[in-house]
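What follows is a single structure, written as structure tokens, with notes after it.
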Amino acid sequence: MVVINDDAHSDSYEFMDVQVKTDDSSCLTTVENPTLITTTNHQVVKLQLNATSSFHTKCCVCRENLRDHAVKISSRDRDFIFFSRNIWIPEGARCCSGHLINNLLSKEVVDQIKPFSIRYQELSSSDVQLLLSKAQTLFKNGKKIFSLDDPRDLNDDEYCLLTSLSRDSFNDFVQIISSSAIRPSCNRSIRTAIGIYLCKLRLDNLGFGHVTREDVIGGGTTAITQELMCGGNSTDIPIIIIDGTHLYIQKSRNNEFQRKTFNLYKKGSLLKSMMIVTTTDYIVACIEPFMSDFNNNDAAIMKDISLRNTDHVLSWLFSLFLHNLK
Ligand SMILES: [Zn+2]
């Protein structure tokens, strides 16, 4: 909590490692109510932060003397490390060029970086405002990744879609399995492990290989579709629906990948997949992943699938077409 003290008799006020200093030269903007005095932009907050070194001649990551190929740490990396590791990298800090992949610090380096000292960093109110807005963006992006550990994160339909179990059934299943010898690891809880296992089981039951066209004709076509598409007089034509869908993903630190997965229409990072379903909602196949930049609309994805004959789609479709021609 930051407390801003505007007492004219004190130039500096300290509270819980946070100092708020009133600059003598600053002019205060006074609002109408005399008991409420607010100041704009001229105040500086002094925060106690874990910081890396900022020597011009030493790498702030490995602390070795810098040679010819030193690079300045980008503001994107500085923000990322501040929010993910709570380590402040002073502006202008430099590192060896070998720590970078595609102009960004590698994941290993982000994990490896250590604070060098406690630094009293002065931040203006506009700096604080900027940091808050960056934190809000990160929070918003972070919420797009789903978590099986947070029971509020997915609704009943999403549990059903991912694991083929309802949320309550999934909770019961996790409880039963948890009483066995299964143990959580440091990066995967029992709940997540079971969720991933069920997702994979479901994926193994997807694709053109797992269902015959006879199955699609027999149990996969509704009467109304038969009536509308085939005039109700044919019972041996399978009808499938092909449509693209998408899944939001975390914003990538790989610039090229980030560009290819950023969708201008949805204003977020996402991957596309092509769903092939029957009219009774049975998922025959899900072909993915596809980038979501402007090149990849549904028609382009379908063309790609046909040209590559993904999942032997052509033989499945051709037997379907040939049969229909008879
Ligand atoms: Zn280094």
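Whatever order the structure lists ligands and atoms in, that order sets their numbers, starting from 1. Each residue takes its place number in the sequence, starting with 1. Treat the numbers as computed from the prediction; the structure is a model and nothing was measured. Quick note: numbers below take in every heavy atom, side chains included, and nothing from hydrogens, waters or symmetry partners.
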### Message
With a 6.0 Å cut-off on the ring centroids, do F116 and F55 count as close?
### Response
yes
### Query
Relative to the ring of W88, is the ring of F82 parallel (under 30°), tilted (30 to 60°) or perpendicular (over 60°)?
perpendicular
### Message
I'd like to know if the Zn ion (ligand 1) has an N/O/S atom from C60 within less than 2.8 Å of it, counting both backbone and side-chain atoms.
### Response
no
#### Entry: Any N, O or S atom of C59 closer than 2.8 Å to the Zn ion (ligand 1)
yes
### Message
Same cluster or not: I305 versus I242, using hydrophobic residues (I, L, V, M, F, W, Y) connected whenever any side-chain heavy atoms lie under 4.5 Å apart?
### Response
yes
#### Entry: Among I87, L104, I81, the one residue meeting side-chain contact (heavy atoms from CB on, under 4.5 Å) with V110
I81
### Query
When you draw lines from the Zn ion (ligand 1) to SG of C62 and to SG of C96, what angle lies between them, to the nearest 10°?
120°
